[in-house]
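Quick notes on the structure that follows.
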Amino acid sequence: MKKLRLKKKTSLTTREYSVDYKTSLNEEQYKAVMHNKGAALVLAGAGSGKTRTLVYRVSRLIEDGIDPRSILLLTFTRKASAEMLSRITSLLDTRAGKITTGTFHSFALKMLKQYYKQIGFSQEFSIIDQQDAADTIDLIRGRHLPPSIKKRFPKKNTLQKILSLSTNKRESTLATLEEYYPKYVEYEDQINTIFIDYHKYKKVANVMDYDDLLLYLLELLKENPDARKQITSMYKHIMVDEYQDTNRIQHEIILLLGGVDNNIMAVGDDAQSIYSFRGADHQNIFFFPESFEKCEIYKIEQNYRSTEQILDLSNEVINKAAFKYEKKLFSRDRIGDKPYLVAANRERQQSEFVVQQILELREQGIELENIAVLFRSSYHAFDLEIDLNKSNIPYVKFGGMKFIETAHIKDLISYMRLLFNPKDVVAWQRVLMLVDGVGPATTRKIIDNISDNRLNISNYKDVLPTLNKNVGITNLFKLVAKNFDPTDITYAASELAFYYKEYMDEKYDNVNKRWRDIETFLQITDQYNDLPTFLNDMALDPPINSLDELEPESKEDEYLTISTIHSAKGLEWKVVFLIWATEGKFPSAKSTHTIDSVEEERRLFYVAVTRAKDNLYIVYPFGIFDRESGMVLSEPSRFIADISDEFLEKFILTEDEEDEEIDD
DNA sequence: AGCAGTGATGTTTTT
DNA sequence: CATCACTGCT
């Protein structure tokens with residue numbers, strides 16, 4: 001028989017919660033979770049249960065009768081939003097599935113697919129990635145510039161970066177040039193002309209790049225009161241994760257999404273701001289409270305993740321920063337080993353050491369799931385990957401070149417984009433260049449005719465012969481004009497792949513490897529039955545691996561995570577290896593010119609070390625000849641170089657025939 | 001004129 | 001490894 005007891009009603013609600021918020025959270029977290037109306041900023045240190053706080057707050061709002069559909073949770077990565085959604089669902093129930101989560105970009109896309117008319121697009125607009133954007137800019141660059149000044153003029157990737165930075169920071173081209181590319185200031189006019197043309201070009205082609213998603217959403221909210229009213233009355237409770245990494249344009253969007261009540265909760269940590277290359281400013285987070293008349297500030301500082309030894313080291317790293325951060329992490333009675341600093345003779349020894357340690361850890365019963373190897377740049381892991389393969393250690397790599405970004409997959413996706421949006425001249429450009437005998441000049445001629453509607457997939461039989469006699473082009477048009485069933489994506493994709501294979505056989509030596517990628521790609525298409533959704537997902541939430549990660553059995557299998565630090569953000573592992581902690585590699589020689597960029601690298605280092613729960617190994621190869629600087633790199637990273645033995649156990653690797661232990 | 005093949009060069013980090 | 005400038009070929 002159940003015993004009745006008296007429980008005090010809280011002032012907020014007349015019902016009891018099914019989740020016991022008070023006892024599952026610490027006091028700081030609890031306060032943030034119970035925050036009700038108006039703007040709020042939650043400053044949460046690394047490992048302080050930031051995700052937990054957000055998850056509980058969403059759950060609490062729903063339990064208080066808030067319609068889940070009115071909750072918008074913006075996260076930085078798709079992984080983070082998936083993780084949160086599953087945690088909320090398991091904490092509460094399926095009501096959680098009705099909330100809207102995603103990145104700024106995916107949310108923008110969702111809105112713009114509804115309000116496309118208001119911004120002058122048609123609904124079939126497609127998304128182009130950074131590379132497509134750069135290629136398109138290159139096309140326009142080629143049209144504008146006389147060959148004489150081409151040499152000193154910024155290249156396509158630089159132009160794309162300039163435009164992206166100025167868009168994200170909401171600055172003029174001139175301001176961006178002055179700050180980041182002073183040597184190109186003299187070309188301001190030409191650069192602007194190219195940008196203006198690029199903008200028009202995209203509109204005609206009915207495509208948007210990543211920045212456009214944000215830009216047009218901002219424009220919509222600003223200039224269309226009706227749309228804004230509808231959107232703000234739909235999403236009444238907004239939460240933004242990783243606020244320190246948002247930039248100006250995202251900040252402005254958030255302010256406009258605020259609606260009448262400004263029910264916006266931003267969560268972040270200024271010490272973990274690592275996206276300045278995307279226009280984020282680590283101090284941005286402090287502008288947040290200033291944007292509202294009233295904004296509650298909550299601080300969560302107790303760390304639940306790491307041992308005191310790891311926290312002590314982390315605090316040492318961040319306290320040496322030129323700019324002082326407000327928090328200091330502390331834990332409660334989590335005692336462990338001191339972090340290791342290991343000197344390895346060249347990269348070879350580093351890889352061998354990491355593999356050997358991982359095998360040993362596994363024997364000690366630590367599963368691969370609980371181990372991660374982190375690095376500054378994707379290519380830092382190449383050598384290690386060879387050893388992991390040799391030792392049959394299954395792993396998944398995050399960050400760096402994605403499977404979807406390889407040339408052959410992008411080619412295939414371009415054909416598919418044309419099936420959906422035959423005016424997508426960015427895709428046309430890509431696939432036309434693949435036709436034998438077709439180069440930039442012919443491509444330009446054809447897409448000009450597509451742009452001004454003289455040529456299309458219904459009249460190509462008559463019009464094309466007047467432009468070019470190349471049979472390959474006619475065949476390409478024939479293929480795109482075919483009436484594929486838009487719900488049978490796999491069929492369309494395999495037909496296109498079949499057509500494409502001929503080109504691949506000609507062009508590539510490693511056709512087999514690439515064809516396997518295409519087969520994997522075909523498996524992915526199998527999970528979709530609607531072309532637009534498929535294309536959007538490929539643009540914004542692409543799958544990471546070319547390995548058969550999709551097969552359910554391999555998902556069950558345990559695997560090691562190796563990841564760039566950027567992609568490891570927000571995650572944690574029992575044991576973390578940080579490799580290439582060599583001065584000149586981390587921070588890289590390129591980042592040491594300005595204080596700001598060194599400080600960004602320091603925060604990145606801080607993010608890396610705070611991922612570890614129990615054990616942390618920092619490894620640095622020495623005796624590395626650096627081509628770029630012409631110097632031999634032999635010192636550990638400046639971020640740990642002068643940290644005393646009190647915080648760090650220092651080792652050098654020696655090679656013993658039998659003894660496998662580390663020796664100092 | 002326009003294309004393709006060749007050899008040197010450079011390279012973070014993500015939506 | 002992918003991009004860029006250069007050169008020779010059609």
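Throughout, a chain's letter reflects where its sequence line sits, starting with A, and its residues are numbered from 1. Please read these numbers as outputs of a predicted model, since none were measured by experiment.
For the pair A:Phe153 CZ and C:dA5 P, the computed distance is 13 Å after rounding to whole Å. Atom CD in A:Gln130 sits roughly 16 Å away from atom P in C:dA2 (whole-Å rounding). We find that NE2 of A:His105 is positioned 8 Å from P of B:dT15, with the value rounded to whole Å. Rounded to whole Å, the distance from NZ on A:Lys161 to C1' on B:dT13 is 10 Å. Residue A:Leu165 contributes atom CG, which lies 14 Å from atom P of B:dT12 at whole-angstrom precision. One can place CG of A:Asp138 at 10 Å from C1' of C:dC4, the figure rounded to the nearest angstrom.
Nucleic acid contact class of A:Ser378 (heavy atoms, under 4.0 Å, all strands): sugar-phosphate only. Note on A:Glu600: nothing from the nucleic acid sits closer than 4.0 angstrom, heavy atoms only. A:Tyr275 comes within 4.0 angstrom of sugar-phosphate atoms only, judged by non-hydrogen atoms across all strands, and of no base.
With A:Lys410 as reference, A:Asp129 is the one residue of A:Asp517, A:Asp129, A:Asp135 to meet the salt bridge (charged side-chain N to carboxylate O under 4.0 Å, His left out) rule.
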Kindly give the atom pairs (protein nitrogen or oxygen, nucleotide nitrogen or oxygen) under 3.5 Å for nucleotides 2-4 of chain B.
from  : atom 1 : to       : atom 2 : distance (Å)
B:dC3 : OP1    : A:Gly439 : N      : 2.9
B:dC3 : OP1    : A:Thr442 : N      : 3.4
B:dC3 : OP1    : A:Thr442 : OG1    : 2.3
B:dC3 : OP2    : A:Pro440 : N      : 3.4
B:dC3 : OP2    : A:Ala441 : N      : 3.0
B:dC3 : O5'    : A:Gly439 : N      : 3.4
B:dA4 : OP1    : A:Gly437 : N      : 2.3
B:dA4 : OP2    : A:Val438 : O      : 3.4

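A centroid separation of 6.0 Å or more is found between the aromatic rings of A:Phe420 and A:Phe534. The six-membered or imidazole ring of A:Tyr116 lies away from that of A:Phe125, with a centre-to-centre distance of 6.0 Å or more. Proximity of the aromatic rings of A:Phe375 and A:Phe586 is defined here by a centroid distance below 6.0 angstrom, and this criterion is not met. Between A:Tyr499 and A:Tyr415, the distance separating the two ring centers is shorter than 6.0 angstrom.
Close to C:dT3, at under 4.0 Å from its OP1 or OP2, lies a side-chain N or O of A:Gln131. OP1 or OP2 of B:dT15 lies within a sub-4.0 Å distance of a side-chain N or O belonging to A:Lys402. Between A:Ser567 and B:dT14 there is a side-chain polar atom (N or O) within less than 4.0 angstrom of OP1 or OP2. Taking side-chain N and O atoms only, A:Thr77 has no distance below 4.0 Å to OP1 or OP2 of B:dT14.
The side chain of A:Glu601 approaches B:dT12 more closely than any other nucleotide in the set B:dT15, C:dC4, B:dT12. Among C:dA5, B:dT15, B:dT14, the nucleotide with an atom closest to any side-chain atom of A:Leu540 is B:dT15. Looking at the side chain of A:Thr103, the nearest of the listed nucleotides C:dC4, B:dT15, B:dT14 is B:dT15.
Judged by the 6.0 Å and 45° rule, A:Arg603 forms no cation-pi pair with A:Tyr606.
A donor-acceptor contact under 3.5 angstrom links the side chains of A:Tyr500 and A:Asp411, judged on distance only.
A donor N or O paired with an acceptor N or O is not found under 3.5 Å between the base of B:dT13 and the side-chain atoms of A:Arg278.
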